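These numbers were taken from a predicted model, which means no experiment stands behind them.
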Amino acid sequence: MVRGDPGQTLAEKIREIICDEWPRDGGSVESAAIYQRLLTEGAEVPDYAMSAVLNAFRVGGLITVPTRDPREEEARKHGDLSISGVSPLLCNG
């Protein structure tokens, strides 16, 4: 659960952070940076929760993630992903 706004889910908070952090001029957003911001903002992030949310975004076509083998410890925490593309539907939908 995310502190500060009890009605906001972890998925909503992750979406918000991706949209805030997305470089409009290209580049990528690392899941580790999203995870760190969640912790800084007081969110509780259970093991594999972020990985599940990011995978749902990926499967739904909302983010693009290059294929690579994640490191287990990092995948457990935040998914160990580099987000290389963000659909306008994620941030404007």
| Looking at OG of S87 and CZ of R58, how far apart are the two atoms once the value is rounded to the nearest 0.5 Å? | 14.5 Å
| note | Note: V86 and C91 closest approach over all heavy atoms is CG1-SG, 3.9 Å
| query | Between R15 and E12, does a salt bridge (Lys or Arg N to Asp or Glu O under 4.0 Å) hold up when you go through it step by step? | reply | CA-CA 5 Å; R15 182 200 58 77; E12 290 168 335; over 6 Å; no
| task | To the nearest 0.5 Å, tell me how far M50 CE sits from I34 CD1. | result | 4.5 Å
| request: Only counting residues at least two apart or in another chain, list the ones meeting ring pair (Phe, Tyr, Trp, His ring centres under 6.0 Å) with F57. | output: none
| request: Side-chain contact test, heavy atoms from C-beta onward, threshold under 4.5 Å: evaluate it for L90 versus C19 and give yes or no. | output: yes
| task | Test side-chain contact (heavy atoms from CB on, under 4.5 Å) on I83 and S28 and set out the steps. | result | CA-CA 5 Å; I83 300 166; S28 63; 5.8 Å; no
| field | Chi angles and distances behind the side-chain contact (heavy atoms from CB on, under 4.5 Å) call for L54, I18 | value | CA-CA 10 Å; L54 292 173; I18 290 171; 3.9 Å; yes
| query | Got a second to check how far L10's CG is from E44's CD, nearest 0.5 Å? | reply | 10.0 Å
| query | Taking S31 for the side chain and L81 for the main chain, is one N or O donor matched with an acceptor at less than 3.5 Å? | reply | yes
| task | Kindly indicate, with the supporting measurements, whether the criterion side-chain contact (heavy atoms from CB on, under 4.5 Å) is fulfilled by L38 and K13. | result | CA-CA 8 Å; L38 285 166; K13 188 61 182 168; 3.4 Å; yes
| task | Establish whether W22 and L89 are linked, either directly or via other cluster members, by ILVMFWY side-chain heavy-atom contacts under 4.5 Å. | result | yes
| request: Would you name the heavy atoms of E21 and V29 that are closest together and state the gap between them? | output: O-CG2, 3.7 Å
